[in-house]
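Take a look at the structure set out below.
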Protein chains: 2
Amino acid sequence: MNNNIRALRTARGLSQEALGSALNVSRQTINAIEAGRYDPSLPLAFKLARFFALHIEDVFDDGEETLGS
Amino acid sequence: MNNNIRALRTARGLSQEALGSALNVSRQTINAIEAGRYDPSLPLAFKLARFFALHIEDVFDDGEETLGS
DNA sequence: TCCTTATGTAAAGCACGCTTTACATTTCTA
DNA sequence: TAGAAATGTAAAGCGTGCTTTACATAAGGA
């Protein structure tokens, strides 16, 4: 599962720590997700997408064919 | 985390077993998710939403304020 | 250069997602 | 009303999501 989190975060000038704090997760969790070491839980995926005002499918990509919009 | 899976599934005349098979998960996994006993992993949430041709946010609801569309 | 901030990563530990096996109950249908 | 299909649920076991603690490295500002 790939994701855009690093790009979205840095575009907003946020550190991993700041993003983690905003979402109530540790900076290591943000780092691991950005690095692709593991996928977030569904609740955390919701928080991340909502934080960036995007759909989950616009933040994460599971590599399968996507919907028309 | 609430979800519409039971309604979406039965609207299509599928058993839990049939849906599980289509997504390569066990019927117990479908049952547990429908019953709200646990949330699916993010990859399984992608599969479920894609199966029903919906966005993840249209299948699952984490109870927080949602986006404009 | 020194200090601070940011990042990368590792280990131990706990909680949960998903499996298989198994059994009970409900519901449909012949 | 009997049998089959569907559903509900439980337990054991494995992998992983996330935590805290800890240490190392990189980069920027005074």
Side-chain angles (χ1 to χ4, degrees):
Chain A
M1 180 84 65
N2 295 320
N3 70 76
N4 296 335
I5 295 174
R6 179 156 305 179
L8 292 164
R9 174 178 61 80
T10 58
R12 284 161 179 75
L14 294 171
S15 66
Q16 293 178 345
E17 164 64 30
L19 179 56
S21 294
L23 303 181
N24 290 306
V25 296
S26 69
R27 72 170 185 87
Q28 287 85 345
T29 292
I30 300 298
N31 184 285
I33 292 167
E34 285 185 358
R37 277 198 295 280
Y38 52 72
D39 298 326
S41 66
L42 185 56
L44 180 50
F46 264 83
K47 285 185 180 182
L48 282 159
R50 184 179 303 109
F51 183 88
F52 293 118
L54 292 170
H55 284 297
I56 289 177
E57 290 90 344
D58 294 327
V59 177
F60 298 93
D61 173 15
D62 77 339
E64 302 296 321
E65 300 230 341
T66 190
L67 283 182
S69 119
Chain B
M1 180 85 66
N2 295 321
N3 70 76
N4 296 334
I5 294 174
R6 180 157 306 181
L8 292 164
R9 175 180 61 80
T10 58
R12 285 161 179 75
L14 294 171
S15 66
Q16 294 178 344
E17 164 64 29
L19 179 56
S21 293
L23 304 181
N24 290 306
V25 295
S26 69
R27 73 170 184 86
Q28 287 84 346
T29 292
I30 301 298
N31 184 286
I33 293 167
E34 286 186 357
R37 277 198 295 279
Y38 53 72
D39 298 325
S41 66
L42 185 56
L44 181 50
F46 264 83
K47 284 186 180 182
L48 283 159
R50 185 179 301 110
F51 184 89
F52 293 118
L54 293 169
H55 285 296
I56 289 177
E57 289 90 344
D58 294 328
V59 177
F60 297 92
D61 172 16
D62 76 341
E64 301 298 320
E65 300 230 340
T66 190
L67 284 181
S69 117

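Order of the sequence lines sets the chain letters (A, B, ...), proteins ahead of strands, with each chain counted from 1. No experiment lies behind these values; they were computed from the predicted model shown. The basis for the numbers below is simple: all heavy atoms, side chains too, and nothing from hydrogens, waters or symmetry mates.
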Spacing of L19(B) atom CG relative to dA5(D) atom P, expressed in whole Å: 19 Å
Spacing of Q16(B) atom CD relative to dC28(C) atom P, expressed in whole Å: 14 Å
Minimum heavy-atom distance A18(A)-S15(A), with the two atoms named: N-OG, 2.9 Å
F60(B) and its side-chain contact (heavy atoms from CB on, under 4.5 Å) partner, picked from L54(B), N2(B), I5(B): I5(B)
Of all heavy-atom pairs linking L23(A) and K47(A), the shortest is O-NZ, 3.1 Å
If we fit an axis to the first five pairs and another to the last five of the helix from dT1(C)-dA30(D) to dA30(C)-dT1(D), what angle do they make, to the nearest 10°? 40°
Tell me whether the OP1 or OP2 atom of dA6(C) has a side-chain N or O from R6(A) closer than 4.0 Å. no
Which is true for S15(B) with a 4.0 Å heavy-atom rule: it touches a base, it touches only sugar-phosphate, or it touches nothing? sugar-phosphate
Please determine if a side-chain N or O atom of R9(B) lies less than 4.0 Å away from the OP1 or OP2 oxygen of dT7(D). yes
Give the minimum heavy-atom separation between L42(A) and P40(B), together with the two atoms involved. CB-O, 3.6 Å
Do the side-chain N or O atoms of N31(A) get closer than 4.0 angstrom to the phosphate oxygens (OP1, OP2) of dT7(C)? no
CD1 on I30(B) to CZ on R9(B), rounded to 0.5 Å: 8.5 Å
Within this structure, what is the CG-to-C1' distance between L44(B) and dC16(C), rounded to whole angstrom? 14 Å
So which nucleotide from dC23(D), dC18(D), dT7(D) ends up closest to the side chain of R27(A)? dC23(D)
Let me know the distance between CG of N24(B) and P of dC18(C), rounded to the nearest Å. 13 Å
List the atom of P43(B), the atom of D39(A), and the distance in Å for their closest heavy-atom pair. CG-OD2, 3.5 Å
How many whole angstroms separate atom CD of E17(B) from atom P of dT9(D)? 18 Å
Distance check: side-chain N/O of R37(A) vs OP1/OP2 of dT7(C), anything under 4.0 Å? no
Looking at every heavy atom in both A49(A) and V59(A), which two are closest together, and how far apart are they? CA-CG2, 4.0 Å
Gap between atoms CZ and C1', on F46(B) and dG17(C) respectively (whole Å): 17 Å
Nearest-Å distance, OH (Y38(B)) to P (dA10(D))? 13 Å
Atom CG of L14(B) and atom P of dA5(D) are separated, to the nearest Å, by 17 Å
Taking only N and O in the side chain of Q28(B), is any of them less than 4.0 Å away from OP1 or OP2 of dA22(C)? no
Is S41(A) near enough to dG17(C) that one of its side-chain N or O atoms lies under 4.0 angstrom from OP1 or OP2? no
